[in-house]
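Accompanying notes for the structure given below.
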Amino acid sequence: MELTRRPLGDRAVVEVSFARLDAAVAHEFKNRLTGMIDRGDREIVLDLGRVEFIDSSGLGAVVGVLKHMGGRGRIELARLNPAVRKVFALTRMTGVFTIHDEVPAT
Amino acid sequence: MDGHAMLASDALAGGPTVGLGSWSMAARYAAIGPTVDAVLAAAAPCIARAPAPEDTADALRLAVTEVLNNVIEHAYGGETPGLAGPSATLALAAGPNALAVSIVDRGIPMPPELVTLLAEDRLGADPVAEPGAGGTELPEGGWGWMLIRASVDRIAYAREGDENHLTLVKRTAPVAG
């Protein structure tokens, strides 16, 4: 699973470099992100620009990561493609997250 | 004809249907992606005639994925009975106005209460309940049927012998006024 983490000021941008965020990868995805949080990341921007498809499992994993962060920090999303946005909208999860069109420059 | 067959015929009436065979899904979640890709590839000519082909393709991809998630998770309880594991046979029928994807598996039957809700078009109609007292926690699942229902125009289920038959119908032409 390709997750690339790079610093952005005080934040970490995590680029998800696989096309399907689905039941096959959701568990590992969530473990990788919660591991980052447990090791100290408190400000994460999740770049989903290369994710072409997300299902209920993938969405559940993203929500699970948000819940794991809890009040300790912030996790925001960036570059959701139309199919991914649609799933967030249908499940009424859009308003739960801060969603950027592009990865913030700073 | 039983209700199952009538549904497919109604959606596809008015033109030739193209039988495109079936695919076996060899167990586990990793097989879902390629299986769904195969369905989309076979449906491509029909989808191309839809008013919004990309939206139609996205919806079909999501709905079939969620059904197959359910097959593994619920019909087979997430386990792999025997060496072969969970499997499903998929078929696509594409007509001039709609396409129908059928998914047949040999897992446990859909629970009666869900069958009833589905027949009333209420399965996936309600928002997912939030866990935790006072609804203060976010759900991390339970969206499957909601996403399926929102993605296709009709869903039919029938238990035939030891098989579950689920059919998803997606219109590819505007409904005649």
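Quick note on labels: first sequence line is chain A, next is B, and so on, each numbered from 1.
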Are B:Val152 and B:Tyr157 linked, directly or through other ILVMFWY residues, by side chains that come within less than 4.5 angstrom of each other?
yes
Looking at B:Asp162, I'd like to know if its CG atom is crowded, meaning that more than 12 non-hydrogen atoms belonging to other residues, nucleotides or ligands lie closer than 6.0 Å.
yes
Given side chain to side chain contact (heavy atoms under 4.5 Å, CB included), test B:Thr65 with A:Phe53 step by step and report yes or no.
CA-CA 10 Å; B:Thr65 296; A:Phe53 173 86; 3.5 Å; yes
Hydrophobic cluster membership, with links at side-chain heavy-atom distances under 4.5 Å among I/L/V/M/F/W/Y: are B:Leu60 and B:Val104 in one?
no
Is A:Lys30 salt-bridged to B:Glu140, going by a charged N under 4.0 Å from an acidic O?
yes
Separation between CD1 of B:Ile148 and CG of A:Asp55, rounded to the nearest 0.5 Å:
10.5 Å
Check for me, please, whether A:Leu46 and A:Val103 land in the same ILVMFWY cluster - side-chain distances under 4.5 Å, paths through other members count.
no
Here the gap from B:Leu147 atom CG to A:Lys86 atom NZ, rounded to the nearest 0.5 Å, amounts to 10.0 Å
Any B:Pro139 side-chain heavy atom under 4.5 Å of A:Val63 side chain
no
Checked A:Val25, A:Leu90, A:Leu66 vs chain B; the most non-hydrogen pairs under 4.5 Å come from A:Leu90
Verify, without hydrogens or angle tests, whether B:Glu66 (side chain) and A:Ser56 (backbone) share a donor-acceptor contact under 3.5 angstrom.
yes
Out of curiosity, A:Ile54 CD1 to B:Leu62 CG, how far, rounded to the nearest 0.5 Å?
10.0 Å
As an exercise, state the distance from CG of A:Asp22 to OH of B:Tyr29, rounded to the nearest 0.5 Å.
10.5 Å
Does A:Met69 belong to the same Ile/Leu/Val/Met/Phe/Trp/Tyr cluster as A:Leu8, with side-chain heavy atoms less than 4.5 Å apart forming each link?
no
Where on A:Val96 is there a heavy atom nearer than 4.5 Å to chain B: the side chain, the backbone, both, or neither?
side chain
How many angstroms lie between CG in B:Asp58 and CZ in A:Arg85, if you round to the nearest 0.5 Å?
13.5 Å
Is it the case that over 12 heavy atoms from other parts of the model lie below 6.0 angstrom from the CD atom of B:Glu54?
no
Using a cut-off of 6.0 Å, state whether more than 12 heavy atoms not belonging to A:Arg42 lie near its atom CZ.
yes
Is the shortest side-chain heavy-atom distance between B:Ile32 and A:Arg20 below 4.5 Å?
yes
Can you hop from A:Val13 to A:Val16 via hydrophobic side chains spaced under 4.5 Å?
no
Let me confirm one number: the CG-CZ distance from B:Leu138 to A:Phe97, rounded to the nearest 0.5 Å.
7.5 Å
